[in-house]
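Reading through the structure tokens given below for one structure.
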Amino acid sequence: VRNEISYVMVKPDGVQRGLVGEIIGRFERKGFKLRALKLYSTPKEVAEEHYKDLSSKPFYKDLVQYILSGPVVAMVWEGDGVVASARKLIGATNPLASEPGTIRGDLAIEVGRNVIHGSDSPDNGERETALWFPEGLVKWDQTLEPWLKE
Ligand code: DAT
Ligand code: MG
């Protein structure tokens, strides 16, 4: 499994509901490496660019408005297979279909308030990271790595 990065974001509802610690904790406990983190007041152009593939959808306007409705917590997580693994931790797009034990399955009920984003492919992990963190990532040694990786 290849080393990758995933762009993960606690959406404004997650921040307002006080779920930031709960959500970050799940990624930390899994063992992935945090490479960037900020509380962020999203510029409109960034929100529109992030969701540009959905710009023809009927819910696009509401989606962008929702993402701009308050600060987000923007993060980049690194690890072997982190993109697919993060999607599993996050759960299905519609929280009513998300399995219990997943973030959306445990913490959300509506697709328009599904508390978290995670990149859907390694390429999009790179693309979204460049969009949200043009300042770059933090380089550091995770000293417990030998306890996580053989
Ligand atoms: P995901 O966030 O699971 O990657 P996506 O990329 O297909 O899902 O869509 C991005 C976001 O758009 C999703 O988190 C919530 C919103 N969305 C998707 N489908 C929707 C729908 N049918 N109605 C309203 N919002 C929707
Ligand atoms: Mg998506």
Side-chain angles (χ1 to χ4, degrees), residues 1-138 142 148:
V1 188
R2 282 209 355 253
N3 189 261
E4 304 165 347
I5 52 174
S6 179
Y7 174 68
V8 174
M9 167 169 72
V10 182
K11 295 175 177 177
D13 50 334
V15 175
Q16 292 285 1
R17 292 175 56 202
L19 299 174
V20 170
E22 162 76 32
I23 289 170
I24 294 177
R26 293 186 184 210
F27 288 87
E28 271 191 313
R29 294 200 298 271
K30 177 74 174 168
F32 292 127
K33 182 177 179 181
L34 185 62
R35 291 295 311 279
L37 172 71
K38 64 186 175 189
L39 180 68
Y40 193 47
S41 196
T42 310
K44 187 159 184 262
E45 315 77 65
V46 171
E48 287 172 348
E49 173 68 20
H50 178 80
Y51 282 124
K52 70 165 186 235
D53 291 352
L54 298 173
S55 59
S56 63
K57 301 279 183 189
F59 56 82
Y60 176 73
K61 246 188 118 204
D62 286 347
L63 176 61
V64 170
Q65 196 177 311
Y66 158 51
I67 292 302
L68 296 177
S69 65
V72 300
V73 170
M75 295 172 265
V76 176
W77 290 92
E78 178 184 345
D80 294 349
V82 68
V83 169
S85 182
R87 297 279 294 185
K88 282 192 180 170
L89 290 174
I90 289 168
T93 303
N94 182 346
L96 290 183
S98 313
E99 294 296 329
T102 66
I103 293 166
R104 287 169 174 164
D106 289 347
L107 304 175
I109 47 179
E110 277 196 19
V111 69
R113 296 287 185 272
N114 63 5
V115 304
I116 182 167
H117 166 83
S119 304
D120 63 7
S121 68
D123 279 354
N124 278 334
E126 298 283 344
R127 180 179 78 82
E128 293 169 2
T129 294
L131 173 66
W132 290 86
F133 288 98
E135 67 270 38
L137 306 181
V138 176
Q142 193 179 23
L148 292 163

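FYI, the numbering just counts along the sequence from 1. In listed order, ligands and their atoms are each counted from 1. Fair warning: this is a prediction, and the values are worked out from it, not measured in the lab.
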Residue Arg87 vicinity, atoms of ligand 1 by number, heavy atom under 4.0 Å: 1 (P), 3 (O), 4 (O)

Side-chain donor/acceptor of Arg35 to backbone N/O of Val138, under 3.5 Å: yes

Basic-acidic side-chain contact under 4.0 Å: Glu22, Arg26: yes

Protein heavy atom at shortest distance from atom 6 (O) of ligand 1: Leu54 CD1, 4.3 Å

Exam field: side chain Lys38 to backbone Trp132, donor-acceptor pair closer than 3.5 Å: yes

Side-chain (Arg87) to main-chain (Gly118) donor-acceptor, under 3.5 angstrom: yes

Sub-4.0 Å atoms of ligand 1 with respect to non-hydrogen atoms of Asn114: 13 (C), 14 (O), 15 (C)

Atoms of ligand 1, numbered as shown, that sit under 4.0 Å from any heavy atom of Leu63: 11 (C), 12 (O), 16 (C)

Contact atoms of ligand 1, heavy-atom distance to Lys11 under 4.0 Å: 14 (O)

Protein residue, atom and distance nearest to atom 19 (N) of ligand 1, heavy-atom basis: Phe59 CZ, 3.4 Å

Heavy-atom proximity to atom 1 (P) of ligand 1, best of Asp120, Val111, Asn124, Thr93: Thr93

Ser6 side chain to Val83 backbone, donor-acceptor under 3.5 Å: no

Which segment of Ile90 sits under 4.0 Å of ligand 1 when only heavy atoms are counted: neither

Reported NZ-to-CZ distance for the pair Lys11 and Arg113, which is rounded to 0.5 angstrom: 10.0 Å

Numbered atoms and elements of ligand 1 in range of Tyr51, under 4.0 angstrom, heavy atoms: 10 (C)

Residues Ile24, Leu37; criterion side chain to side chain contact (heavy atoms under 4.5 Å, CB included); working and verdict: CA-CA 10 Å; Ile24 294 177; Leu37 172 71; 4.0 Å; yes

Heavy-atom nearest neighbour of atom 2 (O) of ligand 1 within options Arg104, Glu110, Arg113, His117: Arg104

